[in-house]
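Heads up, the thing below is written out as structure tokens.
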Protein chains: 2
Amino acid sequence: MREIKLSQSEPKRKLLDAAEQLFAERGFEAVSVRDVTQLAKANVAAVNYHFGSREGMIALVISRYVTPIHEERIARLDALEKKWPGKVVPLEELIDAFVRPLAGTVRKSDLSEQLFCKLVGRIFSLQGEALPPAVEEQMKVSIDRFMKAFAKALPTVPSEELIWRTHFMAGGVIHMLLNQEMLHRLSGGASGTPTMEGILARFIRFAAAGLREGVEVEPTPKKGPQATFDF
Amino acid sequence: MREIKLSQSEPKRKLLDAAEQLFAERGFEAVSVRDVTQLAKANVAAVNYHFGSREGMIALVISRYVTPIHEERIARLDALEKKWPGKVVPLEELIDAFVRPLAGTVRKSDLSEQLFCKLVGRIFSLQGEALPPAVEEQMKVSIDRFMKAFAKALPTVPSEELIWRTHFMAGGVIHMLLNQEMLHRLSGGASGTPTMEGILARFIRFAAAGLREGVEVEPTPKKGPQATFDF
DNA sequence: GTTTGATTGAATCATCCGTTTGACAGCTGG
DNA sequence: CCAGCTGTCAAACGGATGATTCAATCAAAC
């Protein structure tokens, strides 16, 4: 009998959209409640009414981005381990599963691809400073699963070394997400394929080479650069 | 318009020291002039008197960090090119010359090593948002020189590819500088050598492998337009 | 000793911030 | 009809911020 409202009320969604856009453009700290409500054409009190506080709104924006990314990471990793039963998942495919969800595969809002990436980069560069506990927990879970997968794919790399290398890799993605626009602009026509797909392919090759530095390559027939989709 | 004196007076230096420490700990945006003057035990007006404005103080802090780093980068690159006259400078030595100045070789203040690195990371993650023009120019100069050196060391890597790879590398350093403390904490005893020297050695191996991914076979020298970008 | 210019100090300004309030409208179920 | 809930709104509150004012201080030059 009791009716449950599932749909987001219209102004609340407009607030979230405005907040996402402004956060992506300027960063969390540089956006005021009044900026958001002005862009959303809502009243100043709307933020505190709908989200409790400014921090609540930020936490909601963050979790709405991180959760789908986390779930897709896990799903892709599950799919990979099912695809290579018992065997070792190829490193490039692991990196792909780890990185691609950050690059806009899961689109929740109607932000442009660049703004989406920028916001994701900002979120993941926070690194436990002001992250909601639930979000931090999700991050830890994915990191843990992928670290184990990386360790299995690179059994000859000492675990301490692997920690640092994945750390460097993470920094590379975040920096790429945050500054791809600037790189496109400054490099003029020299940055080649400006599509996210091309950037991802480049990054995966770079990160894979760095991660497996020093491991002896068995006579496994290596194919050329792969920029393939799995699904 | 108030005249700004250039000579270092005692309270001015104390202001800069306090500002450096707070900026490193909390970030530029999260520090008010009152925080700085309180820590420096100076009057609130001192900031505006000595630096013209809060932004002027920030710009001075930034340039006092970036300029020595830039100069040492250039000096190390000059030394390398003199050490290998006519020859190709080994990639690892180039990366070392590029990265080591960021890690505290040049110490201007009495900040702890971690705070120094964190501040450097914060500065270089600004990426042309609020950087003083002179500082941005210095960055462009070093990037340009090192990009040419990298291109010479890796003649078979297409220039577009090289731009992206150096970009990934830059992200790795910045992330490492900003979050090394967190990594130490999260990895517990698993992160092995926590010394900056050890981290640098790890990073150089990682970055070198990523930069020269795919080189050893079939040298196809390619020439393309060179590009500069912030780092 | 007086003058002068550079600093410092306390108070104040105007503005912005996040949040709260209370009034008001629209709707719903009784 | 009217209670009661929900959402919106203008207005205001208390606080923090960067900047400014103006008198007081102080050391050196004259």
Side-chain angles (χ1 to χ4, degrees), chain A residues 1-64 122 126 129-132, chain B residues 1-64 122 126 129-132:
Chain A
M1 287 312 173
R2 193 148 310 181
E3 197 173 346
I4 303 175
K5 289 188 182 177
L6 290 178
S7 67
Q8 301 240 20
S9 64
E10 178 66 12
K12 188 173 179 180
R13 202 184 52 80
K14 283 177 74 173
L15 281 174
L16 280 178
D17 287 348
E20 281 180 4
Q21 175 183 335
L22 293 177
F23 288 155
E25 289 171 351
R26 313 180 197 170
F28 293 102
E29 313 246 319
V31 175
S32 70
V33 172
R34 287 175 163 84
D35 294 333
V36 176
T37 52
Q38 185 175 347
L39 180 60
K41 275 174 265 192
N43 190 270
V44 203
V47 163
N48 282 273
Y49 177 79
H50 286 289
F51 310 109
S53 68
R54 176 180 182 272
E55 292 307 308
M57 177 179 64
I58 294 180
L60 221 166
V61 168
I62 290 180
S63 67
R64 305 258 295 184
R122 289 195 197 275
L126 285 179
E129 287 179 37
L131 290 181
Chain B
M1 181 92 183
R2 197 151 289 215
E3 193 174 350
I4 304 174
K5 198 153 181 287
L6 289 180
S7 73
Q8 293 274 359
S9 58
E10 177 63 13
K12 188 173 179 180
R13 185 187 313 274
K14 284 177 72 174
L15 281 173
L16 279 178
D17 287 347
E20 281 180 5
Q21 176 183 334
L22 294 176
F23 288 154
E25 290 172 350
R26 313 181 196 170
F28 294 103
E29 312 248 319
V31 175
S32 68
V33 299
R34 284 175 166 84
D35 295 331
V36 176
T37 53
Q38 185 175 347
L39 180 60
K41 276 175 264 195
N43 191 269
V44 204
V47 164
N48 283 273
Y49 176 78
H50 285 290
F51 311 109
S53 69
R54 176 179 180 273
E55 293 306 308
M57 177 179 64
I58 295 180
L60 198 60
V61 169
I62 291 180
S63 68
R64 302 257 295 186
R122 289 193 197 276
L126 284 179
E129 289 178 36
L131 290 181

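Here is how names work: the chains are called A, B, and so on, in the same order as the sequence lines, proteins then strands, and each is numbered from 1. Just so you know, these numbers use all the heavy atoms, side chains as well, and skip hydrogens, waters and symmetry mates.
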Listed nucleotide nearest any side-chain atom of B:Ser53, set D:dA19, C:dT19, D:dT21: D:dA19
A:Val33 side chain, from C-beta outward: closest of C:dT19, D:dT21, D:dA19: C:dT19
Between [X] ([atom1]) and [N] ([atom2]), how many Å, whole number?
X	N	atom1	atom2	answer
B:Gln38	C:dT8	CD	P	18 Å
B:Arg54	C:dC16	CZ	P	16 Å
A:Phe51	D:dG7	CZ	P	12 Å
A:Lys12	D:dT8	NZ	P	11 Å
A:Lys41	D:dG7	NZ	P	22 Å
A:Asn43	C:dA25	CG	C1'	14 Å
B:Arg13	C:dT7	CZ	P	14 Å
A:Asn48	C:dC17	CG	C1'	12 Å

Audit row: A:Phe28, B:Glu29, side-chain contact (heavy atoms from CB on, under 4.5 Å) steps and yes/no: CA-CA 11 Å; A:Phe28 293 102; B:Glu29 312 248 319; over 6 Å; no
Closest-nucleotide 5' rank along DNA chain C - winner of A:Val47 and B:Ala46: B:Ala46
Check against salt bridge (charged side-chain N to carboxylate O under 4.0 Å, His left out), B:Asp17 and B:Arg13: CA-CA 6 Å; B:Asp17 287 347; B:Arg13 185 187 313 274; 5.9 Å; no
Residue whose closest nucleotide on DNA chain D lies nearer the 5' end, A:Arg34 versus A:Tyr49: A:Tyr49
Phosphate OP1/OP2 of C:dA6 contacted by B:His50 side-chain N/O (<4.0 Å): no
Any B:Ser32 side-chain N or O less than 4.0 Å from OP1/OP2 of D:dT17: yes
Under 3.5 Å donor-acceptor, A:Arg34 side chain and A:Val44 backbone: no
Flag, side chain of A:Arg54 to backbone of A:Ser32, donor-acceptor distance under 3.5 Å: no
Smallest separation among heavy atoms of A:Arg122 and A:Ala24, with atom names: NE-O, 3.0 Å
